[in-house]
2 protein chains.
Amino acid sequence: MISDKTIGRLSLYRRVISEMLAEARTHVYSHEIAKACGVTPAQVRRDLMPTGHLGSPSRGYNIPGLIQSISGILDDPEQEKVAIVGVGNLGRAILAYFMGRRPNLTIVAAFDADASKVGRMIHGIRCYGTEQLADVVRKEGVEVGILTVPARAAQAIADELIGAGVRGLLNFAPVALRVPPHVYVEDLDVAISLERVAYFARHGAGTRRQERAMR
Amino acid sequence: MISDKTIGRLSLYRRVISEMLAEARTHVYSHEIAKACGVTPAQVRRDLMPTGHLGSPSRGYNIPGLIQSISGILDDPEQEKVAIVGVGNLGRAILAYFMGRRPNLTIVAAFDADASKVGRMIHGIRCYGTEQLADVVRKEGVEVGILTVPARAAQAIADELIGAGVRGLLNFAPVALRVPPHVYVEDLDVAISLERVAYFARHGAGTRRQERAMR
DNA sequence: TAGATTGTTAATCGATTAACAATC
DNA sequence: TAGATTGTTAATCGATTAACAATC
């Protein structure tokens, strides 16, 4: 089992070497990836082990091959479907950002309790009423849910998504969701992050600030 | 020096016990906080050590006292000022969320390159043009910056903020910022988080899923 | 070849958990 | 008192880094 930290870094590595590929580069050394991502070269080499991709001591890693190997781990060979619940400012920001960006990880439906949004297309995605949530999630085979709803609604929505087959949640609501053990939850809590930044801005970033505090 | 993880959990503990206080409760046990936050009771007790607040074996922790002790660590005795750069959907979502919520941590200015936004009040915060960034940050004494700008603009904006005295950045742009060692950066990378959730949704949440993956 | 980089193990580091005497 | 909880140390656990033979 690959750790969540390694998965996050592989995603980051893929992004930076994709940019290199766009500049027509063909090979890259671990220390270059390391510098671009704010980690150590040893970390990069170790993270790349589970991908099975081998570099060469003389030329480093072949970029297209490495992208393919990382994608072999990160991407579903089929297609993974995502639904987003809550189409406020935050929900729309996420919809706008993902507009046709990842072919293997697509947002297929949006949900909102606000009747004025239901039935409309928002950034190319159809918006349904929350009462249709379970039906649509089941029919589409959605596996991942993004929660951008108010805190008070989050647990009920999470329960419904999970009941309809969702096994991963990206939760922006400032509450600790209770979920069965087979469901993976990642919390992106902006308020907590901001308090942390404020604390370390005041108290000094600290020696350990080589490391990226990536959340 | 308290670790970033501990700071994040203290912020979470304060939130949940504040909710208890609102329900007129006066005392709380470590295992109650632990359950509400998805951590172990031992973790809670250990995290509370640096606050200096002492509980009682018979009644647990006094809630108002504990809130005060946690706030003594998390909050600046003065006031800490925050600026947000980039008033798109994401920026507005954050402005709306923080509207008058934290007296000790206030967003005092917003900036955007879009001339049509400049001069307006957005969720109660004045929006300036980016060319005024350094001046306003210096004059207001802003210490923390939130970056909700496109990736290509992030490094230049970060440099300018830091040049004007900012020592902490909450970065939503999908780039690894290069900053001097005294500056604390926390990255909230939605794309990476979503890929991580997708991966663990597919591969099983794993045994280690007791722990909250809080970012 | 000489020199830099790779894959991979062993050592280190830091954070979490278990344990338990002291306490109410 | 008896029983549960506290503060705190020691043991455990996992992740990062250092090191180095193998390789190009």
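Reminder, nothing fancy here: chain letters follow the sequence lines and each chain counts from 1.
Residue His27(A) is classed as having no contact, given no heavy-atom separation below 4.0 Å to the nucleic acid. Looking at heavy-atom distances under 4.0 Å, Leu48(B) makes no contact with the nucleic acid at all.
The interatomic distance linking Leu10(A) (CG) with dA15(D) (P) rounds to 14 Å, in whole Å. For the pair Glu32(B) CD and dT6(D) C1', the computed distance is 14 Å after rounding to whole Å. The nearest whole Å value for the distance from the CG atom in Leu54(B) to the C1' atom in dA22(C) is 13 Å. In this structure, Ile2(A) atom CD1 and dT16(D) atom P are separated by 13 Å, rounded to whole Å. The distance between atom NE2 of His31(B) and atom P of dG7(D), rounded to the nearest whole Å, is 13 Å. For the pair Gln43(A) CD and dA18(D) C1', the computed distance is 13 Å after rounding to whole Å. Following rounding to the nearest Å, Arg45(B) (CZ) and dA18(C) (C1') show an atom-to-atom distance of 10 Å. At whole-Å resolution of the value, CG in Asn62(A) and P in dC24(D) are 15 Å apart.
Contact between the side-chain N/O atoms of Arg9(A) and the OP1/OP2 oxygens of dA15(D) is not found at any separation under 4.0 Å. Contact annotation: Tyr29(B) does not reach the phosphate of dC24(C) (side-chain N/O to OP1 or OP2, under 4.0 Å). In this structure, Tyr61(A) reaches the dG7(C) phosphate: one of its side-chain N or O atoms is under 4.0 Å from OP1 or OP2.
When atom types are taken as modelled, the side chain of Arg178(A) and the backbone of Lys35(B) share a donor-acceptor pair closer than 3.5 angstrom.
Of the listed nucleotides (dG7(C), dG7(D), dC24(C)), dC24(C) has the atom at the smallest distance from the side chain of Ser56(B). With dA15(D), dC24(C), dT16(C) as the choices, the nucleotide that has an atom nearest any side-chain atom of Lys5(B) turns out to be dT16(C). Which of dT16(C), dG7(C), dT6(D) sits closest to the side chain of Ser30(B) comes down to dT6(D).
Remark: Ile70(A) CD1 to Ile7(A) CD1 distance equals 10.0 Å, nearest 0.5 Å. Distance check, rounded to the nearest 0.5 Å: CE of Met1(B) to OG1 of Thr6(B) gives 11.5 Å. In this structure, CG in Asp47(B) is found 11.5 Å from NZ in Lys5(B), a value given to the nearest 0.5 Å.
Along DNA chain D, the nucleotide nearest Ala42(A) and the nucleotide nearest Arg59(B) are compared for position; the residue whose nucleotide lies closer to the 5' end is Arg59(B). Projected onto DNA chain D by closest heavy-atom contact, Thr40(A) and Ser58(A) fall at different nucleotides, the more 5' of which corresponds to Thr40(A).
The base of dT8(D) does not come close enough to the side chain of Arg46(B) for any donor and acceptor atom to sit less than 3.5 Å apart.
For the residue pair Arg196(A) / Ser11(B), no side-chain donor-acceptor distance below 3.5 Å is found, with atom types taken as modelled.
The minimum heavy-atom distance between Ala83(A) and Phe111(A), with the atom names listed, is CB-CE1, 3.9 Å.
Shown here, dA11(D) forms a base pair with dT16(C); the pair counts as Watson-Crick or G-U wobble because both key distances fall under 3.5 Å. Nucleotide dC24(C) is matched to dG3(D) when pairs are restricted to Watson-Crick or G-U wobble geometry with both distances under 3.5 angstrom.
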